[in-house]
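Heads up: the structure comes next, in C-alpha coordinates.
These numbers come from a predicted model, not from an experiment. Start at 1 and go down the list; that is how both ligands and their atoms are numbered.
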Amino acid sequence: MTDRLVIRRPDDWHVHLRDGQMLADVVNFTARQFGRAIIMPNLTPPVTTVQMGKDYRDRILAAVDKSLNFQPLMVGYLTDNMNPDIVSEGKDQGIFTAFKLYPANATTNSSAGVTDIKKIYPVLERMAQCQIPLLVHGEVTHSDVDIFDREARFIEDVLGKVVQDFPNLKIVFEHITTKEAVEFVLSTGSNIAATITPHHLEINRNAIFQGGIRPHNYCLPIAKREVHRLALRKAATSGSDKFFLGTDTAPHAIEAKESACGCAGIFNAPHAIESYAKTFDEENSLDKLEGFASEYGPRFYGLPLNEDKIILERKETQVPDSLSLADTHIIPFHAGKTLQWTVSNA
Ligand code: DOR
Ligand code: ZN
(Lines give C-alpha, C1' and ligand atoms only; values in the text may rest on other atoms or scores of the structure.)
(Ligands and ions follow the chains in the order given, each with its own letter.)
Protein backbone atom coordinates (compact mmCIF):
# COMPACT_ATOMS: atom_id res chain seq x y z
CA MET A 1 0.00 0.00 0.00
CA THR A 2 1.30 3.46 -0.88
CA ASP A 3 1.53 5.60 2.25
CA ARG A 4 3.55 8.50 0.93
CA LEU A 5 3.36 10.29 -2.39
CA VAL A 6 5.81 12.90 -3.58
CA ILE A 7 4.42 14.74 -6.59
CA ARG A 8 5.17 17.93 -8.47
CA ARG A 9 3.28 20.83 -6.96
CA PRO A 10 -0.20 20.80 -8.53
CA ASP A 11 -2.04 23.73 -10.13
CA ASP A 12 -5.73 24.48 -9.86
CA TRP A 13 -7.23 25.25 -13.26
CA HIS A 14 -10.55 26.64 -11.94
CA VAL A 15 -10.87 28.79 -8.81
CA HIS A 16 -13.26 31.45 -7.48
CA LEU A 17 -11.36 33.77 -5.15
CA ARG A 18 -13.95 36.59 -4.95
CA ASP A 19 -12.74 40.01 -3.83
CA GLY A 20 -12.24 42.22 -0.76
CA GLN A 21 -12.24 40.51 2.63
CA MET A 22 -13.40 37.19 1.21
CA LEU A 23 -10.44 37.14 -1.19
CA ALA A 24 -8.05 37.95 1.66
CA ASP A 25 -9.48 35.16 3.79
CA VAL A 26 -9.70 32.38 1.18
CA VAL A 27 -6.75 32.87 -1.20
CA ASN A 28 -4.14 31.20 0.99
CA PHE A 29 -6.08 27.93 1.17
CA THR A 30 -5.45 27.68 -2.57
CA ALA A 31 -1.95 29.23 -2.56
CA ARG A 32 -0.74 26.80 0.13
CA GLN A 33 -1.29 23.77 -2.09
CA PHE A 34 -1.17 24.99 -5.66
CA GLY A 35 1.58 26.72 -7.65
CA ARG A 36 -0.81 28.45 -10.03
CA ALA A 37 -4.55 28.88 -10.38
CA ILE A 38 -6.88 29.97 -13.11
CA ILE A 39 -8.93 32.74 -11.52
CA MET A 40 -12.59 32.99 -12.46
CA PRO A 41 -13.73 36.47 -13.51
CA ASN A 42 -17.35 36.38 -12.26
CA LEU A 43 -16.99 39.30 -9.85
CA THR A 44 -19.48 42.15 -9.57
CA PRO A 45 -18.81 43.79 -11.96
CA PRO A 46 -17.16 41.01 -13.98
CA VAL A 47 -13.57 41.21 -15.26
CA THR A 48 -14.22 42.40 -18.79
CA THR A 49 -11.21 44.63 -19.56
CA VAL A 50 -7.45 44.20 -19.53
CA GLN A 51 -7.14 46.87 -16.84
CA MET A 52 -9.68 45.08 -14.63
CA GLY A 53 -7.71 41.85 -15.04
CA LYS A 54 -4.49 43.61 -14.08
CA ASP A 55 -6.04 45.30 -11.05
CA TYR A 56 -7.65 42.07 -9.85
CA ARG A 57 -4.33 40.26 -10.19
CA ASP A 58 -2.67 42.98 -8.07
CA ARG A 59 -5.33 42.59 -5.38
CA ILE A 60 -4.83 38.82 -5.35
CA LEU A 61 -1.05 39.11 -5.11
CA ALA A 62 -1.41 41.62 -2.26
CA ALA A 63 -3.54 39.10 -0.37
CA VAL A 64 -1.25 36.09 -0.85
CA ASP A 65 0.95 35.07 2.05
CA LYS A 66 4.43 36.35 1.17
CA SER A 67 6.08 33.04 2.04
CA LEU A 68 4.14 31.30 -0.75
CA ASN A 69 5.14 31.25 -4.37
CA PHE A 70 1.73 31.47 -6.02
CA GLN A 71 0.85 32.73 -9.47
CA PRO A 72 -2.73 33.74 -10.30
CA LEU A 73 -3.57 33.26 -14.00
CA MET A 74 -6.20 35.75 -15.01
CA VAL A 75 -9.27 35.15 -17.15
CA GLY A 76 -11.39 37.62 -19.09
CA TYR A 77 -15.20 37.39 -18.94
CA LEU A 78 -16.85 37.20 -22.36
CA THR A 79 -19.86 39.38 -23.09
CA ASP A 80 -22.07 39.73 -26.16
CA ASN A 81 -20.36 42.92 -27.30
CA MET A 82 -16.75 42.32 -26.35
CA ASN A 83 -14.19 43.80 -28.71
CA PRO A 84 -11.85 41.10 -30.12
CA ASP A 85 -8.89 43.47 -29.56
CA ILE A 86 -9.20 42.75 -25.83
CA VAL A 87 -8.08 39.20 -26.61
CA SER A 88 -4.89 40.29 -28.38
CA GLU A 89 -4.15 43.08 -25.89
CA GLY A 90 -4.82 40.89 -22.88
CA LYS A 91 -2.50 38.23 -24.22
CA ASP A 92 0.26 40.58 -25.45
CA GLN A 93 0.34 42.43 -22.13
CA GLY A 94 0.63 39.14 -20.27
CA ILE A 95 -2.59 39.72 -18.33
CA PHE A 96 -5.07 37.15 -19.64
CA THR A 97 -4.30 33.43 -19.87
CA ALA A 98 -7.81 32.51 -21.07
CA PHE A 99 -11.37 33.79 -21.58
CA LYS A 100 -14.48 32.41 -19.97
CA LEU A 101 -17.82 31.74 -21.58
CA TYR A 102 -20.69 31.99 -19.14
CA PRO A 103 -23.98 31.49 -20.92
CA ALA A 104 -26.10 34.40 -19.59
CA ASN A 105 -27.75 33.50 -16.28
CA ALA A 106 -26.25 30.01 -16.12
CA THR A 107 -24.78 30.54 -12.65
CA THR A 108 -23.50 33.02 -10.03
CA ASN A 109 -22.75 36.48 -11.50
CA SER A 110 -23.36 35.42 -15.06
CA SER A 111 -26.11 37.89 -15.98
CA ALA A 112 -23.61 39.80 -18.15
CA GLY A 113 -22.67 36.56 -19.93
CA VAL A 114 -23.27 35.53 -23.52
CA THR A 115 -26.89 35.34 -24.73
CA ASP A 116 -26.11 33.73 -28.10
CA ILE A 117 -22.83 32.04 -29.04
CA LYS A 118 -22.91 33.61 -32.51
CA LYS A 119 -22.47 37.02 -30.90
CA ILE A 120 -18.95 36.11 -29.82
CA TYR A 121 -17.83 34.38 -33.02
CA PRO A 122 -15.48 37.30 -33.91
CA VAL A 123 -13.92 36.99 -30.45
CA LEU A 124 -13.56 33.22 -30.78
CA GLU A 125 -11.91 33.74 -34.16
CA ARG A 126 -9.33 36.01 -32.55
CA MET A 127 -8.83 33.59 -29.66
CA ALA A 128 -8.11 30.77 -32.12
CA GLN A 129 -5.59 33.02 -33.91
CA CYS A 130 -3.92 33.97 -30.63
CA GLN A 131 -4.07 30.38 -29.32
CA ILE A 132 -5.64 31.55 -26.08
CA PRO A 133 -7.98 29.00 -24.51
CA LEU A 134 -11.74 29.30 -24.20
CA LEU A 135 -13.04 28.11 -20.83
CA VAL A 136 -16.62 26.97 -20.98
CA HIS A 137 -19.38 26.79 -18.41
CA GLY A 138 -21.21 24.15 -20.39
CA GLU A 139 -24.90 24.42 -19.60
CA VAL A 140 -27.85 25.64 -21.62
CA THR A 141 -30.04 28.01 -19.69
CA HIS A 142 -33.55 27.69 -21.17
CA SER A 143 -35.98 27.15 -18.32
CA ASP A 144 -37.69 24.37 -20.27
CA VAL A 145 -34.58 22.17 -20.13
CA ASP A 146 -34.37 19.98 -17.05
CA ILE A 147 -31.53 21.10 -14.77
CA PHE A 148 -30.00 17.61 -14.90
CA ASP A 149 -29.93 17.68 -18.73
CA ARG A 150 -28.39 21.11 -19.20
CA GLU A 151 -24.82 19.95 -19.72
CA ALA A 152 -25.68 17.21 -22.22
CA ARG A 153 -27.89 19.65 -24.13
CA PHE A 154 -25.09 22.20 -24.23
CA ILE A 155 -22.88 19.68 -26.01
CA GLU A 156 -25.58 19.05 -28.60
CA ASP A 157 -26.75 22.62 -29.07
CA VAL A 158 -23.59 24.68 -28.64
CA LEU A 159 -20.25 23.04 -27.95
CA GLY A 160 -20.24 20.52 -30.79
CA LYS A 161 -20.85 23.36 -33.22
CA VAL A 162 -18.14 25.61 -31.74
CA VAL A 163 -15.61 22.76 -32.01
CA GLN A 164 -16.56 22.29 -35.67
CA ASP A 165 -16.51 25.97 -36.51
CA PHE A 166 -13.19 26.65 -34.75
CA PRO A 167 -11.12 23.52 -35.24
CA ASN A 168 -7.97 25.20 -33.89
CA LEU A 169 -9.49 26.82 -30.82
CA LYS A 170 -8.25 25.44 -27.51
CA ILE A 171 -11.23 24.71 -25.28
CA VAL A 172 -11.48 23.61 -21.67
CA PHE A 173 -14.88 22.14 -20.89
CA GLU A 174 -15.01 23.19 -17.26
CA HIS A 175 -16.19 21.14 -14.27
CA ILE A 176 -17.75 18.35 -16.32
CA THR A 177 -20.46 16.33 -14.59
CA THR A 178 -21.77 13.79 -17.11
CA LYS A 179 -20.72 10.71 -19.03
CA GLU A 180 -21.81 12.56 -22.17
CA ALA A 181 -19.17 15.20 -21.47
CA VAL A 182 -16.50 12.54 -20.87
CA GLU A 183 -17.41 10.84 -24.16
CA PHE A 184 -17.48 14.13 -26.03
CA VAL A 185 -14.04 15.17 -24.79
CA LEU A 186 -12.60 11.75 -25.64
CA SER A 187 -14.02 11.97 -29.14
CA THR A 188 -12.34 15.30 -29.95
CA GLY A 189 -8.79 16.36 -30.82
CA SER A 190 -6.00 17.34 -28.46
CA ASN A 191 -7.18 20.98 -28.40
CA ILE A 192 -10.19 20.00 -26.25
CA ALA A 193 -9.78 19.08 -22.57
CA ALA A 194 -11.88 19.14 -19.40
CA THR A 195 -11.48 19.88 -15.72
CA ILE A 196 -13.06 17.74 -13.01
CA THR A 197 -13.84 18.92 -9.47
CA PRO A 198 -13.24 16.97 -6.26
CA HIS A 199 -16.92 17.19 -5.36
CA HIS A 200 -18.22 15.77 -8.64
CA LEU A 201 -15.86 12.83 -8.11
CA GLU A 202 -17.24 12.30 -4.61
CA ILE A 203 -20.97 13.01 -4.57
CA ASN A 204 -23.93 12.22 -6.76
CA ARG A 205 -27.27 14.02 -6.74
CA ASN A 206 -28.55 12.06 -3.74
CA ALA A 207 -26.14 14.06 -1.59
CA ILE A 208 -28.19 17.21 -2.21
CA PHE A 209 -31.31 15.60 -0.74
CA GLN A 210 -30.00 13.21 1.93
CA GLY A 211 -32.67 13.23 4.64
CA GLY A 212 -33.54 16.84 3.80
CA ILE A 213 -32.15 19.56 1.60
CA ARG A 214 -28.37 19.92 1.81
CA PRO A 215 -27.49 23.34 0.46
CA HIS A 216 -23.75 22.88 0.94
CA ASN A 217 -23.79 20.15 -1.70
CA TYR A 218 -25.50 22.40 -4.23
CA CYS A 219 -23.33 23.72 -7.03
CA LEU A 220 -23.60 24.29 -10.76
CA PRO A 221 -23.44 22.27 -12.85
CA ILE A 222 -25.46 20.27 -10.36
CA ALA A 223 -24.22 16.80 -9.32
CA LYS A 224 -25.82 14.10 -11.48
CA ARG A 225 -26.72 10.39 -11.14
CA GLU A 226 -24.24 7.81 -9.89
CA VAL A 227 -23.54 6.54 -13.41
CA HIS A 228 -22.13 9.96 -14.25
CA ARG A 229 -20.00 10.17 -11.11
CA LEU A 230 -18.51 6.79 -12.00
CA ALA A 231 -17.73 7.99 -15.54
CA LEU A 232 -15.95 11.05 -14.11
CA ARG A 233 -13.92 8.91 -11.71
CA LYS A 234 -12.89 6.64 -14.55
CA ALA A 235 -11.89 9.59 -16.74
CA ALA A 236 -9.94 11.41 -14.02
CA THR A 237 -8.00 8.34 -12.93
CA SER A 238 -7.48 6.90 -16.43
CA GLY A 239 -4.21 8.68 -17.15
CA SER A 240 -5.75 10.49 -20.14
CA ASP A 241 -4.18 13.93 -20.51
CA LYS A 242 -7.55 15.34 -21.61
CA PHE A 243 -8.74 15.52 -18.00
CA PHE A 244 -7.08 17.62 -15.34
CA LEU A 245 -7.58 19.24 -11.97
CA GLY A 246 -9.90 22.21 -11.50
CA THR A 247 -11.58 22.48 -8.11
CA ASP A 248 -14.24 25.12 -8.85
CA THR A 249 -13.87 26.09 -5.20
CA ALA A 250 -16.63 28.67 -4.75
CA PRO A 251 -16.99 30.21 -1.29
CA HIS A 252 -20.34 31.61 -0.19
CA ALA A 253 -21.25 32.86 3.29
CA ILE A 254 -23.31 30.37 5.29
CA GLU A 255 -26.34 32.67 5.22
CA ALA A 256 -26.20 32.83 1.42
CA LYS A 257 -26.15 29.02 1.20
CA GLU A 258 -28.73 28.30 3.92
CA SER A 259 -31.43 30.45 2.42
CA ALA A 260 -34.79 30.15 0.67
CA CYS A 261 -32.85 30.77 -2.54
CA GLY A 262 -29.39 29.46 -1.77
CA CYS A 263 -26.29 30.18 -3.85
CA ALA A 264 -24.55 27.53 -5.93
CA GLY A 265 -21.00 26.68 -4.98
CA ILE A 266 -18.91 24.31 -2.89
CA PHE A 267 -15.92 25.62 -0.94
CA ASN A 268 -13.39 22.83 -1.31
CA ALA A 269 -10.13 24.83 -1.29
CA PRO A 270 -8.97 23.92 2.26
CA HIS A 271 -8.46 20.21 1.51
CA ALA A 272 -8.70 19.98 -2.25
CA ILE A 273 -5.65 17.87 -2.97
CA GLU A 274 -6.44 15.52 -0.08
CA SER A 275 -9.92 15.07 -1.53
CA TYR A 276 -8.55 14.19 -4.97
CA ALA A 277 -6.07 11.82 -3.29
CA LYS A 278 -9.03 10.07 -1.63
CA THR A 279 -10.64 9.41 -5.01
CA PHE A 280 -7.45 8.24 -6.70
CA ASP A 281 -6.68 6.00 -3.71
CA GLU A 282 -10.16 4.45 -3.80
CA GLU A 283 -9.73 3.82 -7.52
CA ASN A 284 -6.28 2.24 -6.96
CA SER A 285 -4.81 4.91 -9.20
CA LEU A 286 -2.55 6.96 -6.95
CA ASP A 287 0.12 6.60 -9.63
CA LYS A 288 -2.11 8.68 -11.93
CA LEU A 289 -2.62 11.58 -9.53
CA GLU A 290 0.50 13.52 -10.52
CA GLY A 291 -0.41 13.60 -14.21
CA PHE A 292 -3.96 14.79 -13.46
CA ALA A 293 -2.95 17.31 -10.79
CA SER A 294 0.40 18.64 -11.97
CA GLU A 295 1.20 17.77 -15.59
CA TYR A 296 -1.73 17.66 -18.02
CA GLY A 297 -3.01 21.15 -17.13
CA PRO A 298 0.24 23.06 -17.74
CA ARG A 299 0.91 21.04 -20.89
CA PHE A 300 -2.51 21.94 -22.26
CA TYR A 301 -1.97 25.63 -21.49
CA GLY A 302 1.59 25.51 -22.88
CA LEU A 303 3.15 26.42 -19.53
CA PRO A 304 6.14 24.87 -17.75
CA LEU A 305 5.56 22.24 -15.06
CA ASN A 306 6.14 23.32 -11.47
CA GLU A 307 9.56 22.30 -10.21
CA ASP A 308 8.91 21.93 -6.51
CA LYS A 309 7.12 19.01 -4.88
CA ILE A 310 4.41 18.37 -2.36
CA ILE A 311 4.31 15.37 -0.05
CA LEU A 312 1.04 13.58 0.60
CA GLU A 313 0.98 11.16 3.49
CA ARG A 314 -1.57 8.59 4.55
CA LYS A 315 -2.40 10.39 7.76
CA GLU A 316 -5.75 11.64 9.00
CA THR A 317 -6.89 15.18 8.28
CA GLN A 318 -9.82 16.40 10.33
CA VAL A 319 -11.94 18.79 8.26
CA PRO A 320 -13.56 21.48 10.44
CA ASP A 321 -17.36 21.76 10.67
CA SER A 322 -17.18 25.39 9.74
CA LEU A 323 -14.59 28.08 9.08
CA SER A 324 -14.76 31.59 10.43
CA LEU A 325 -13.95 33.73 7.38
CA ALA A 326 -14.84 37.17 6.02
CA ASP A 327 -16.94 38.10 9.07
CA THR A 328 -19.12 35.07 8.57
CA HIS A 329 -18.86 31.28 8.43
CA ILE A 330 -18.25 29.06 5.46
CA ILE A 331 -18.95 25.35 5.48
CA PRO A 332 -16.15 23.53 3.66
CA PHE A 333 -16.54 20.43 1.52
CA HIS A 334 -16.20 17.27 3.71
CA ALA A 335 -17.16 19.39 6.77
CA GLY A 336 -16.79 17.40 9.99
CA LYS A 337 -15.32 14.39 8.17
CA THR A 338 -11.91 12.80 8.34
CA LEU A 339 -9.82 12.44 5.21
CA GLN A 340 -7.12 9.79 5.10
CA TRP A 341 -4.50 11.98 3.41
CA THR A 342 -2.51 14.97 4.62
CA VAL A 343 -0.19 17.32 2.79
CA SER A 344 2.85 17.37 5.04
CA ASN A 345 4.82 20.22 3.49
CA ALA A 346 2.16 22.83 2.77
O1 DOR B 1 -21.48 26.29 -8.22
C2 DOR B 1 -20.97 27.22 -8.81
N3 DOR B 1 -20.55 28.32 -8.17
N4 DOR B 1 -20.89 27.15 -10.14
C5 DOR B 1 -20.48 28.19 -10.87
O6 DOR B 1 -20.45 28.08 -12.07
C7 DOR B 1 -20.17 29.50 -10.23
C8 DOR B 1 -19.78 29.32 -8.83
C9 DOR B 1 -19.75 30.60 -8.04
O10 DOR B 1 -19.21 31.59 -8.53
O11 DOR B 1 -20.25 30.60 -6.92
ZN1 ZN C 1 -16.66 27.93 -11.40
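Only the side chain of Asn42 comes within contact range of ligand 1, with a heavy atom under 4.0 Å; no backbone atom does. Residue contacts with ligand 1, taken as heavy atom pairs separated by less than 4.0 Å, involve His252 solely via side-chain atoms from C-beta onward. Contacts with ligand 1 closer than 4.0 Å are made by no heavy atom of His14, backbone or side chain.
Every atom of ligand 1 is numbered from 1 in the order shown, and the set under 4.0 Å from a heavy atom of His137 is 6 (O). Within the listing of ligand 1, atoms 1 (O) sit less than 4.0 angstrom from a heavy atom of Cys219. Interface of Ala250 with ligand 1, defined as ligand atoms under 4.0 Å from a residue heavy atom, comprises 3 (N), 8 (C), 9 (C), 11 (O).
One N or O on the side chain of His252 and one on the backbone of Ala264 form a donor-acceptor pair closer than 3.5 Å. Without hydrogens or angle criteria, Arg214 side chain to Gln210 main chain gives a donor-acceptor distance under 3.5 Å.
Nearest protein heavy-atom neighbour of atom 1 (O) of ligand 1: Leu220 N, 2.8 Å. Of all protein heavy atoms, the one closest to atom 7 (C) of ligand 1 is Thr107 OG1, 3.2 Å. Considering only non-hydrogen protein atoms, atom 3 (N) of ligand 1 sits nearest to Ala264 O, 3.0 Å.
Judged by the 6.0 Å distance and 45° axis criteria, Lys257 is not positioned over the aromatic ring of Tyr218. Taking the centre and axis of the six-membered ring of Phe148, the NZ or CZ atom of Arg205 falls inside the cone set by 45° and 6.0 Å. Note that Lys119 lies outside the cation-pi zone of Tyr121, set by a 6.0 Å cut-off to the ring centre and a 45° limit from the axis.
At a 4.0 Å cut-off, at least one heavy atom of Arg18 sits close enough to ligand 1 to count as contact.
Taking distances strictly below 2.8 Å, the protein N/O/S atoms close to the Zn ion (ligand 2) are His14 NE2, His16 NE2, Asp248 OD1.
By the 3.5 Å distance cut-off applied to N or O atoms, Pro221 is not counted among the residues near ligand 1.
Under the 4.5 Å side-chain heavy-atom criterion for grouping Ile, Leu, Val, Met, Phe, Trp and Tyr, Met52 is connected to Val114 within one hydrophobic cluster.
Judged by distance alone, the side chains of Glu316 and Thr338 never bring a donor and an acceptor atom under 3.5 Å apart.
Partner of Phe243 under the side chain to side chain contact (heavy atoms under 4.5 Å, CB included) criterion, out of Thr195, Ile176, Leu232: Ile176 alone.
Using a 30° and 60° split on the angle between ring planes, Trp13 and Phe244 fall in the perpendicular class, above 60°.
Inter-residue side-chain proximity for His14 and His175 is flagged as met; some heavy-atom pair is nearer than 4.5 Å.
Under the 6.0 Å cut-off for aromatic ring centres, Phe267 and Phe333 do not qualify, their centroids lying 6.0 Å or more apart.
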